[in-house]
S.K.: 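Quick one: this structure, given as structure tokens, is what I'll be asking you about.
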Amino acid sequence: MTHIASAPSGSVSRALTLHFPDNTLLSLLLGDHDRHLVRIEQGLGVKVNCRGNRMAISGDPTRVEAAQAALNGLYRRLERGEAISASDVDAAVRMSELDDPRLPLADLPAIRTKRGAVGPRSPGQATYMDLLGSHEMVFGIGPAGTGKTYLAVAQAVAMLTAGSVDRIVLSRPAVEAGERLGFLPGDMKEKVDPYLRPLYDALHDMMPGEQVIRRMGTGEIEVAPLAFMRGRTLKHAFVILDEAQNTTPVQMKMFLTRMGEGTRMVVAGDLSQVDLPVGARSGLRDALDTLEGLPGIGVCRFDKRDVVRHPLVARIVDAYDQRAAAEKETARRSDAGGRGGRRGGEAEAT
């Protein structure tokens, strides 16, 4: 694709024209009834008109550049023979707004598994993937739908199939606020399976189902409830702790110190969804306060902009965040008013 012309960059509104030489690829870029184009217009607040193989973009200069980056990245994917979907378009919109020389999205590195390449769909995911590839211990913190567990499983599967680790160990607090596994029916696997279902789902996305079953049978993929990991040393393994916000500080310290030679660890959790008893400190928060900044430990904090599920999920997360912030501000003002009243009373008594 080539850049044709643009209005002066100093103007309030900018116009830019792109040329896409392959009409077949251009039709795929537009989507059925121009659906992809509409998503880009709505996502970035620009106006896009397509005539022949030329595409004119107008709007705020920064947004026009973001739209150009998104369209160029998606077109490059089509040139490589890759299909693009609505979710790919949404990902391109999110990534195009990232001020990062690694753009466009199509040029970012991906985690390669037997089921294909898994690439970042948000700026936070790009940072997270970098950490997963370069650090022995990574904390992924953020709301639901940001891909923190999914990408960790993808990295684990990629390293297992490449022979970089000998096995994958999946762990999760089996029962919120206590792990009282004995009260659940069935054997150990039946007790724990419902709580590890998201990890199983991610595994089946990364490799054929028969491989998952076979590798679980040989011990290459292991489900290890957090309550039963004490006393072990995990060597040459990729270990994932999911829902880590529901661990206690003692449990978290126990888990982190299982790390042995050649092992990678990923700790994923959402500090806004702690299910521990009121007043109990989350082991995830305690670990971050204690360990963040140590060499070899990477921390990635996702936010609502990194939510890659249905767009409504991002709005739900934002609404809850706004309510929590408002409640905190109300509590702060109430506390400040109470202190002021007490000071006034003390002065009057004097």
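Heavy atoms only: backbone and side chains are in, while hydrogens, waters and symmetry mates are out.
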S.K.: For the pair Val267 and Val138, evaluate side chain to side chain contact (heavy atoms under 4.5 Å, CB included) and give the outcome as yes or no after the intermediate values.
M.R.: CA-CA 6 Å; Val267 178; Val138 177; over 6 Å; no
S.K.: Under a 3.5 Å threshold, yes or no: a donor from one side chain and an acceptor from the other, between Asp306 and Thr146?
M.R.: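 Thr146 and Asp306 do not have a side-chain donor-acceptor pair below 3.5 Å.
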S.K.: I want to check something: taking the side chain as every heavy atom from C-beta on, are His204 and Val212 in contact at a cut-off of under 4.5 Å?
M.R.: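 A side-chain contact under 4.5 Å exists here.
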S.K.: Tell me which pairs pass ring pair (Phe, Tyr, Trp, His ring centres under 6.0 Å) where either residue lies in residues 122-154, with sequence neighbours left out.
M.R.: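 Counting only pairs at least two positions apart or across chains, the ring pair (Phe, Tyr, Trp, His ring centres under 6.0 Å) contacts touching residues 122-154 are Tyr128-Phe302.
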S.K.: Should the pair Arg333-Glu329 be classified as a salt bridge under the 4.0 Å nitrogen-to-oxygen rule?
M.R.: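 The answer is yes: the pair qualifies as a salt bridge.
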S.K.: Taking side chain to side chain contact (heavy atoms under 4.5 Å, CB included) as the criterion, tell me which of Leu18, Leu29, Leu28 meets it with Tyr75.
M.R.: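 Running side chain to side chain contact (heavy atoms under 4.5 Å, CB included) over Leu18, Leu29, Leu28 with Tyr75 returns exactly one hit, Leu29.
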S.K.: Kindly say whether Pro143 contributes a backbone atom to a donor-acceptor pair with the side chain of Lys148 at under 3.5 angstrom?
M.R.: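 Checked: pair present.
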S.K.: Work out which heavy atom in Val266 is nearest to a heavy atom in Ala152; give both atom names and the distance.
M.R.: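 Result for this residue pair: CG1-CB, 3.7 Å.
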S.K.: Ser282 side chain to Gln245 main-chain N or O, any donor-acceptor pair under 3.5 Å?
M.R.: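 Indeed, once roles are kept as given, a pair shorter than 3.5 Å links the two residues.
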S.K.: Apply side chain to side chain contact (heavy atoms under 4.5 Å, CB included) to the pair Arg39 and Val89, showing each step before the final yes or no.
M.R.: CA-CA 7 Å; Arg39 293 182 89 91; Val89 176; 3.9 Å; yes
S.K.: If you measure from CZ on Arg63 to CD on Glu41, what distance do you get to the nearest 0.5 Å?
M.R.: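 One finds 13.5 Å between CZ of Arg63 and CD of Glu41.
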S.K.: Okay, side chain of Thr257, backbone of Lys253: is any donor-acceptor separation there less than 3.5 Å?
M.R.: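 At least one qualifying donor-acceptor pair exists.
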S.K.: Between Ser134 and Asp130, is there a donor-acceptor pair closer than 3.5 Å when you use the side chain of the first and the backbone of the second?
M.R.: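 A pair under 3.5 Å: yes.
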S.K.: Indicate yes or no: does Arg77 engage Asp88 in a salt bridge with an N to O separation below 4.0 Å.
M.R.: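 Here Arg77 pairs with Asp88 in a salt bridge, since their nearest N and O are under 4.0 Å apart.
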S.K.: Between Gly59 and Val64, what is the shortest heavy-atom contact and its length?
M.R.: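 So the two residues come closest at N-CG2, 3.5 Å.
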S.K.: Please enumerate all residues that pass side chain to side chain donor-acceptor pair (under 3.5 Å) together with Asp270, with sequence neighbours excluded.
M.R.: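 Partners of Asp270 under the side chain to side chain donor-acceptor pair (under 3.5 Å) test: Ser272, Gln273.
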S.K.: When rounded to the nearest 0.5 angstrom, what is the spacing between CG in Leu30 and SG in Cys50?
M.R.: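 Taking CG in Leu30 and SG in Cys50, the distance rounds to 4.5 Å.
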S.K.: Could you check whether any side-chain N or O of Thr263 sits under 3.5 Å from a backbone N or O of His236, counting only pairs where one atom can act as donor and the other as acceptor?
M.R.: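 Checked: pair present.
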S.K.: Determine whether Ser58 and Val46 satisfy the following criterion, side chain to side chain contact (heavy atoms under 4.5 Å, CB included), listing intermediate values before the conclusion.
M.R.: CA-CA 6 Å; Ser58 59; Val46 296; over 6 Å; no
S.K.: Would you say that Glu65 contacts Arg14 through its side chain, given a criterion of any heavy-atom pair below 4.5 Å between the two side chains?
M.R.: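 Result yes, sub-4.5 Å side-chain heavy-atom pair found.
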S.K.: Any idea which heavy atoms bring Ile57 and Ala67 closest together, and the distance?
M.R.: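 For Ile57 and Ala67, the tightest heavy-atom pair comes out as CG2-CB, 4.0 Å.
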S.K.: Is there a side-chain contact between Leu160 and Phe238 (heavy atoms, below 4.5 Å)?
M.R.: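 They are not in side-chain contact.
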S.K.: Show every salt bridge (charged side-chain N to carboxylate O under 4.0 Å, His left out) that has at least one partner inside residues 216-227, sequence neighbours left out.
M.R.: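 Of all non-adjacent pairs touching residues 216-227, those that pass salt bridge (charged side-chain N to carboxylate O under 4.0 Å, His left out) are Arg167-Glu222, Arg215-Glu220, Glu222-Arg232.
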S.K.: How many angstroms lie between atom OG1 of Thr62 and atom CG of Leu44, to the nearest 0.5 angstrom?
M.R.: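 Output value for this atom pair is 11.0 Å.
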S.K.: Are side-chain heavy atoms of Leu203 and Val157 found at a separation under 4.5 Å?
M.R.: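 With C-beta onward as the side chain, the pair touches.
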S.K.: Is Ile240 close to Val153 at the side-chain level, that is, under 4.5 Å between some pair of heavy atoms?
M.R.: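 Touching, per the 4.5 Å side-chain cut-off.
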S.K.: Give the C-alpha distance, both sets of side-chain angles, the deciding distance and a yes or no for side chain to side chain contact (heavy atoms under 4.5 Å, CB included) between Gln125 and Leu151.
M.R.: CA-CA 8 Å; Gln125 286 194 356; Leu151 290 175; 3.7 Å; yes
S.K.: Taking the side chain as every heavy atom from C-beta outward, state whether Asn246 and Leu284 have any pair of such atoms under 4.5 Å apart.
M.R.: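 Heavy-atom side-chain distance check fails, nothing below 4.5 Å.
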S.K.: For Arg230, give me all partners under salt bridge (Lys or Arg N to Asp or Glu O under 4.0 Å), at least two apart in sequence or on another chain.
M.R.: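 Counting only residues at least two positions away or on another chain, Arg230 forms no salt bridge (Lys or Arg N to Asp or Glu O under 4.0 Å).
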S.K.: If you measure from CZ on Arg301 to OG1 on Thr127, what distance do you get to the nearest 0.5 Å?
M.R.: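 If I round to the nearest 0.5 Å, the distance is 13.0 Å.
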S.K.: Just how far is it from atom CE of Met252 to atom OG1 of Thr247, taken to the nearest 0.5 Å?
M.R.: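 With rounding to 0.5 Å, CE (Met252) is 3.5 Å from OG1 (Thr247).
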S.K.: Would you indicate whether the side-chain heavy atoms of Gln251 and Leu226 approach each other to under 4.5 Å?
M.R.: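 They are in contact (side-chain heavy atoms under 4.5 Å apart), so the answer is yes.
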S.K.: Quick one: ring pair (Phe, Tyr, Trp, His ring centres under 6.0 Å) pairs with a partner in residues 254-277, sequence neighbours left out?
M.R.: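 Sorted result for residues 254-277: empty, none.
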S.K.: Report the C-alpha distance between Glu327 and Arg323 in whole Å, list the side-chain angles of each, state the deciding distance to 0.1 Å, and finish with yes or no for salt bridge (charged side-chain N to carboxylate O under 4.0 Å, His left out).
M.R.: CA-CA 6 Å; Glu327 289 173 349; Arg323 190 182 74 173; 3.7 Å; yes
S.K.: Between Asn53 and Leu26, what is the shortest heavy-atom contact and its length?
M.R.: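 Looking at all heavy atoms of both residues, the shortest contact is CA-CD2, 3.5 Å.
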S.K.: Compare every heavy atom of Cys300 with every heavy atom of Gly124, then report the nearest pair and how far apart it is.
M.R.: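 In this case the closest contact between Gly124 and Cys300 is O-SG, 3.5 Å.
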S.K.: What heavy-atom pair brings Gly133 and Arg264 nearest, and what distance separates the two atoms?
M.R.: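 So the two residues come closest at O-NH2, 3.9 Å.
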S.K.: Test of understanding: with salt bridge (Lys or Arg N to Asp or Glu O under 4.0 Å), list the residues that count as partners of Asp22, not counting sequence neighbours.
M.R.: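 So Asp22 forms no salt bridge (Lys or Arg N to Asp or Glu O under 4.0 Å) with any residue.
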S.K.: Between Glu82 and Arg76, is the closest basic N to carboxylate O distance under 4.0 Å?
M.R.: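 Judged by the 4.0 Å cut-off on N to carboxylate O distance, Arg76 and Glu82 do not form a salt bridge.
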S.K.: Do the side chains of Leu294 and Met137 join up, straight or via other hydrophobic residues, at under 4.5 Å, putting them in one cluster?
M.R.: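 Yes; Met137 is reachable from Leu294 via cluster members.
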S.K.: Evaluate the side-chain proximity of Asp242 to Ser171: yes if any heavy-atom separation is below 4.5 Å, no if none is.
M.R.: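 Of all side-chain heavy-atom pairs linking Asp242 with Ser171, none is under 4.5 Å.
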S.K.: Kindly compute the distance separating CE (Met206) from CD1 (Ile168), expressed to the nearest 0.5 Å.
M.R.: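 One gets 10.0 Å once the value is rounded to the nearest 0.5 Å.
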